[in-house]
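Letters A, B, ... are given to chains in the order of the sequence lines, protein chains preceding strands, and every chain is numbered from 1.
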Number of protein chains: 2
Amino acid sequence: MIQDALRFERVQPVRLYERIVEQIEGAITRGELRPGERLPSERELVVQFGTSRATVREALRVLESTGVVRSRPGDPRGPEILEIDAESLRRPLARLAGAARLSLGQLIVSRMMLDSTANQLAAQLRTDEQLVWIERAVDTMRTALDEGEEAFSKADMAFHELITCVAGNPLIKLGHAAVRDTVLALISNTITDAADSRVVMQRSLAHHEEVLDAIRAGDGPRAAHASLRSLYEYYSGSVPETERAALKAMLPD
Amino acid sequence: MIQDALRFERVQPVRLYERIVEQIEGAITRGELRPGERLPSERELVVQFGTSRATVREALRVLESTGVVRSRPGDPRGPEILEIDAESLRRPLARLAGAARLSLGQLIVSRMMLDSTANQLAAQLRTDEQLVWIERAVDTMRTALDEGEEAFSKADMAFHELITCVAGNPLIKLGHAAVRDTVLALISNTITDAADSRVVMQRSLAHHEEVLDAIRAGDGPRAAHASLRSLYEYYSGSVPETERAALKAMLPD
DNA sequence: CGCAGCGCACTGGCCTGACCAGTAGGCGGC
DNA sequence: GCCGCCTACTGGTCAGGCCAGTGCGCTGCG
């Protein structure tokens with residue numbers, strides 16, 4: 001009976017450097033340490049934590065690899081507390097894409113989910129001021145059409161960045177950025193067939209205008225569906241036959 | 001003109017330990033190192049990489065903090081390559097929840113997105129065999145109703161775990177697990193009002209049966225909507241007024 | 001008096017060498 | 001044949017040291 005109630009967890013040694021990481025992360029979480037502020041120098045931390053420099057450094061390396069702080073050699077002000085951004089999600093995501101054999105199709109499905117949700121939220125939550133920004137972003141894309149692929153791609157990214165901001169959910173925003181980057185890294189040299197690049201851009205622009213229209217009308221589902229169709233159309237050709245079913249399953253009809 | 005074409009990136013010093021991390025991660029990505037296998041001992045790595053042990057250790061700490069490897073003191077077989085799991089996403093996610101002041105409402109919205117997408121995919125992609133598993137999972141929930149809250153909660157988690165597996169997208173699966181854990185950590189002691197816990201459980205079961213029904217029929221959108229309504233109903237009371245609009249924006253109608 | 005340039009004190013990056021508490025597997029005794 | 005100890009390793013931590021960088025204050029010049 002008692003055996004059922006009280007269950008023991010597997011004990012594991014807690015390393016000193018983990019304690020240090022916890023303390024620093026905790027201080028940031030509690031707002032005692034804000035982005036832009038500085039940590040004491042390594043040698044000062046050694047005194048405060050009562051460990052060796054090697055241990056302090058291991059903790060700092062962990063914090064640095066997850067994008068919490070950045071140390072620069074020679075800076076007397078000490079390690080800097082960083083703003084949180086997609087970087088902290090991108091790294092584990094990239095690992096997932098590699099080690100867990102995440103396929104392009106699975107990434108696209110995730111992108112469809114994130115993008116359509118962001119559009120839906122943006123359409124229903126946008127303010128009039130934000131609508132103006134979005135319209136301006138589409139205008140930028142329109143003019144970028146003549147400035148070549150790179151400019152268009154940049155404007156496209158800015159549009160989606162804006163949408164995810166308007167959606168008001170940092171998790172979706174960062175996830176979107178991380179997945180997009182991972183997708184781009186995976187197919188970097190697959191597309192860019194210069195011949196019909198203009199056609200592709202024009203079609204992309206048309207889809208974005210469709211989304212804009214739905215957002216203007218405050219029609220969430222329509223904005224979501226437009227994005228799903230757009231992504232499906234754009235990527236379904238690059239995805240192996242067996243995975244296309246998953247992409248299709250994301251479509252509403 | 002040239003200034004426009006060739007753009008320089010900000011150079012930043014590459015630390016030795018980062019090189020080591022790259023090499024080990026690369027070996028895993030390329031499949032040369034598989035989960036369960038062992039890395040050479042630290043002292044052996046020192047020889048292979050030609051650095052000091054401190055540097056090798058910093059690299060191992062980074063890999064360990066992201067859940068790639070695990071070292072145990074005294075184990076002559078060396079550090080172990082780990083299976084990839086939600087852990088690697090949960091940590092950065094938890095950081096996000098804290099440092100980026102991720103609110104409960106934003107987490108719930110993310111959960112709605114992940115859960116409904118998983119349901120939609122599961123409904124449209126399931127095999128008949130998988131359907132039987134899902135039906136069995138709902139049966140387990142039904143019997144768990146009388147075994148108390150903990151058992152029910154466990155069966156509930158098993159159900160969602162199964163759904164995300166059937167959906168066939170590890171990213172959604174891991175994201176779902178990570179977000180769910182974060183939500184639970186955030187409201188751990190908020191719910192569990194023993195008085196009406198049975199009512200809550202019964203309602204939850206009803207929602208799951210609705211989802212099951214849609215999955216049986218292969219009706220993705222219906223499965224998705226059922227999940228959205230269920231989560232909205234369950235959590236909208238716990239979310240501050242100002243954020244409820246975002247939850248509502250996730251609903252289809 | 002203002003400012004440009006230099007030097008210094010300090011930073012982080014990396015190394016060497018050492019000690020300790022654990023673990024696993026082989027070897028010896030029962 | 002099996003059990004239990006012993007040893008050769010493991011990782012965790014420490015101390016101390018060297019080096020290339022950086023920022024700031026001081027100095028000397030205009």
Using a 4.0 Å cut-off to any heavy atom of chain B, which nucleotides of DNA chain C are the first and last in contact, reading 5' to 3'? C:dG13 to C:dA24

Correct closest heavy-atom pair for A:L121 and B:A246 would be CD2-O, 3.7 Å

Round to a whole Å and report the spacing from CZ of A:R15 to C1' of D:dT13. 12 Å

Test applied, ring pair (Phe, Tyr, Trp, His ring centres under 6.0 Å); reference residue, A:H208; option that passes from A:Y234, A:F159, A:F152: A:F159

Between CD of A:E42 and C1' of D:dC14 the distance, given in whole Å, is 15 Å

Side-chain donor-acceptor pair present, A:R61, A:S71, cut-off under 3.5 Å: yes

Looking at every strand, decide which applies to B:R61 at a 4.0 Å heavy-atom threshold: base, sugar-phosphate, or nothing. sugar-phosphate

Using 4.0 Å as the upper bound for N to carboxylate O, is an ion pair formed by B:R15 and B:E58? no

I need the CG-C1' distance between B:L45 and D:dT10, as an integer number of Å. 12 Å

In whole Å, what is the span from the CG atom of A:L16 to the P atom of D:dA15? 12 Å

With B:D156 via salt bridge (charged side-chain N to carboxylate O under 4.0 Å, His left out) - residues at least two apart: none

Is it true that A:E80 and A:R72 have a side-chain N and a carboxylate O under 4.0 angstrom from each other? no

Contacts of A:T51 and B:L39 projected onto DNA chain D by closest heavy atom; the upstream (5') one is B:L39

Annotated protein contacts, base or backbone, on nucleotides 16-27 of chain D with a non-hydrogen cut-off under 4.0 Å, one of B, S, - each: -BB--BBS----

A:Y17 has an atom OH; how far is it from atom P of D:dT13, in whole Å? 9 Å

Using 0.5 Å steps for rounding, measure from the CZ atom of A:R34 to the CD1 atom of A:I28. 11.5 Å

Starting at OG1 of A:T117, measure out to CD1 of A:I172 and round the result to the nearest 0.5 Å. 5.5 Å

B:D75 with B:R38: basic N within carboxylate O range, under 4.0 Å: yes

Taking any heavy-atom pair under 4.0 Å as a contact, classify B:L60: base, sugar-phosphate, or nothing. nothing

